[in-house]
Amino acid sequence: MDLISYTYDLVRQIPPGRVSTYGAVAEALGDIRAARAVGRMMNQNPNADTMPCYKIVYSDGRLGGFGLGIEDKIRRLREDNIEVVDGRIKDFDKVFFNDFKTSYPLKKLRRQQLEMRDKVSLNNSFTEVNTVAGFDVAYPKSDFDTACGAIVIMDYHSIEVVEEEVVYSKTMFPYIPTYLVFRELPFLEKLMAKIDVKPDILMVDGNGIMHPIKFGLACQAGVTLDIPCIGVAKKRLYGKVREDNWVVDDDMILGYAFYASYKVRKPVYISPGHNISLESSINIVKKLSRFKNPEPLRRAHILATSSLL
DNA sequence: GCGACAG
DNA sequence: ATCTTGTCGC
Ligand SMILES: [Mg+2]
């Protein structure tokens, strides 16, 4: 079962007359970081009569949001004999439910990642670079509509497009910080099976080792697909950005904040994913950068966005 | 209270 | 990412 259905089934466990919180549901999924994703999944709830998202409130007892209007959330709570006083659940600690039956799916996924992590190499597995691919996914407004993944393969020397492909699929996994790979890797796997040219290097819109467990999208994509992979993120996820633009944690240098030109206000954050060094990652991104994002990624982003159904 | 939170 | 149903730590 997919994580969205799993989340809805967790919410269905809440007994009559009880409420729970976005964070508590996230912890039942296996990681408090999913709290906002729980909120989003509640927001996208297709049927408020069969999945009682009105039972989910903020961790401090305030009501949180409701797509059908907060008055309707209050009405549904009162029908369950849950009183709302001054925008808060009355006797919140007494009606708070946190006894979910769960197998903590996010913890399972994290364990799998920690096992896979040993396979990461930060040495170049290639001797020359002739083609570089960029990969990105564009999402529709509703998580139940079809998303579009795109890959653009370019010649490293002429910087011309060699091949482009798109794939379509429903989104099966919400966006949860540090779990991006489970949302986007399925699109990349489909694309890799579809292309004629196997690129020498892959670039993804996300991080490599610049990640709390040093195993971001670029690492897992590289290991899974057995391809040298660079992470190029628009925002920092993990690590401290030093004055000299190197990104570090207590252990090591993780990546580099790269400004494509003096016109660019914000950097991209480069970190190696797999079968490539940080130094080579930076050199390749630099060579392919005309604007903020390196060309294969910039074009993959445009292709995915413009191909949305 | 404000910022942090890959997409 | 899209246009918003979060939580924690400083
Ligand atoms: Mg993206």
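Numbers restart at 1 for each chain; the letters A, B, ... are given by sequence-line order, proteins then strands.
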Requested in this report: May I ask you to say what A:R33 touches in the nucleic acid, namely base, sugar-phosphate or nothing, with a heavy-atom cut-off under 4.0 Å?
Outcome: nothing
Query raised in the report: How long is the line joining CG of A:D31 and C1' of B:dC5, in whole Å?
Result: 12 Å
Query raised in the report: Between C:dT2, C:dC8, B:dC5, which one does the side chain of A:K141 approach most closely?
Result: C:dT2
Report task. Tell me what A:Y139 touches on the nucleic acid: a base, only sugar-phosphate, or nothing, going by heavy atoms under 4.0 Å. Result -> sugar-phosphate
Query raised in the report: Across the strands shown, which category fits A:G23 at heavy-atom distances under 4.0 angstrom: base, sugar-phosphate, nothing?
Result: sugar-phosphate
Query raised in the report: Which part of the nucleic acid, if any, lies within contact of A:L217, taking any heavy atom under 4.0 Å across all strands shown: a base, the sugar-phosphate backbone alone, or nothing?
Result: base
Query raised in the report: Which part of the nucleic acid does A:Y58 contact within heavy-atom distance under 4.0 Å: base, sugar-phosphate only, or nothing?
Result: sugar-phosphate
Query - Which nucleotide in C:dG6, C:dT7, B:dG7 has an atom nearest any side-chain atom of A:R36 - result: C:dG6
**Report entry** Charged tip of A:R88 within 45° of A:Y58 ring normal and under 6.0 Å
**Finding:** no
Query - Integer-rounded Å distance: C:dA1 C1' and A:K235 NZ - result: 9 Å
Query raised in the report: Between residues 75-110 of chain A and DNA chain B, which residues have a heavy-atom gap below 4.0 Å?
Result: none
**Report entry** A:K287, NZ atom: more than 12 neighbouring heavy atoms under 6.0 Å
**Finding:** yes
Query - A:S59 vs C:dC8: side-chain N/O to OP1/OP2 distance below 4.0 Å - result: yes
**Report entry** A:E115/A:R111 ion pair, N-O < 4.0 Å
**Finding:** no
Query raised in the report: What nucleic acid atoms does A:K234 come within less than 4.0 Å of, heavy atoms only: base, sugar-phosphate, or nothing?
Result: sugar-phosphate
Query raised in the report: Does a sphere of radius 6.0 Å around CD in A:E279 hold more than 12 heavy atoms from other residues, nucleotides or ligands, not counting ones at 6.0 Å or beyond?
Result: no
Report task. State which of C:dG6, C:dT2, B:dA4 makes the closest approach to the side chain of A:Y22. Result -> C:dG6
Requested in this report: Starting from P on B:dG7, measure out to CG on A:L185 and report it in whole angstrom.
Outcome: 17 Å
Report task. Figure out the CD/P separation between A:E184 and C:dT2, and round it to whole Å. Result -> 11 Å
Query raised in the report: If you measure from the C1' atom in C:dT2 to the same atom in B:dC5, how many Å do you get, rounded?
Result: 16 Å
Query raised in the report: Do the charged groups of A:D80 and A:R76 touch, with an N to O distance under 4.0 Å?
Result: no
**Report entry** Length of the CG-P vector between A:D60 and C:dG9, whole Å
**Finding:** 14 Å
Report task. Using a 4.0 Å heavy-atom cut-off across all strands, classify A:N207 as base, sugar-phosphate, or nothing. Result -> base
Report task. Considering only NZ, NE, NH1 and NH2 on the basic side and carboxylate oxygens on the acidic side, decide whether A:R33 and A:D31 come within less than 4.0 Å. Result -> yes
Report task. Just say parallel, tilted or perpendicular for the rings of A:F173 and A:F182, cut-offs at 30° and 60°. Result -> tilted
Query raised in the report: Over how many whole Å does the gap from A:I32 atom CD1 to C:dG9 atom P extend?
Result: 10 Å
Query raised in the report: Whole Å only: how far is the CG atom of A:L63 from the P atom of C:dT4?
Result: 19 Å
Query raised in the report: With a 4.0 Å cut-off on heavy atoms, is A:F135 in touch with a base, just the backbone sugar-phosphate, or nothing at all?
Result: nothing
Query raised in the report: Do the rings of A:F96 and A:F92 sit parallel, tilted or perpendicular, given the 30° and 60° boundaries?
Result: tilted
Report task. Nearest whole angstrom, please: distance from the P of C:dT2 to the NE2 of A:H301. Result -> 7 Å
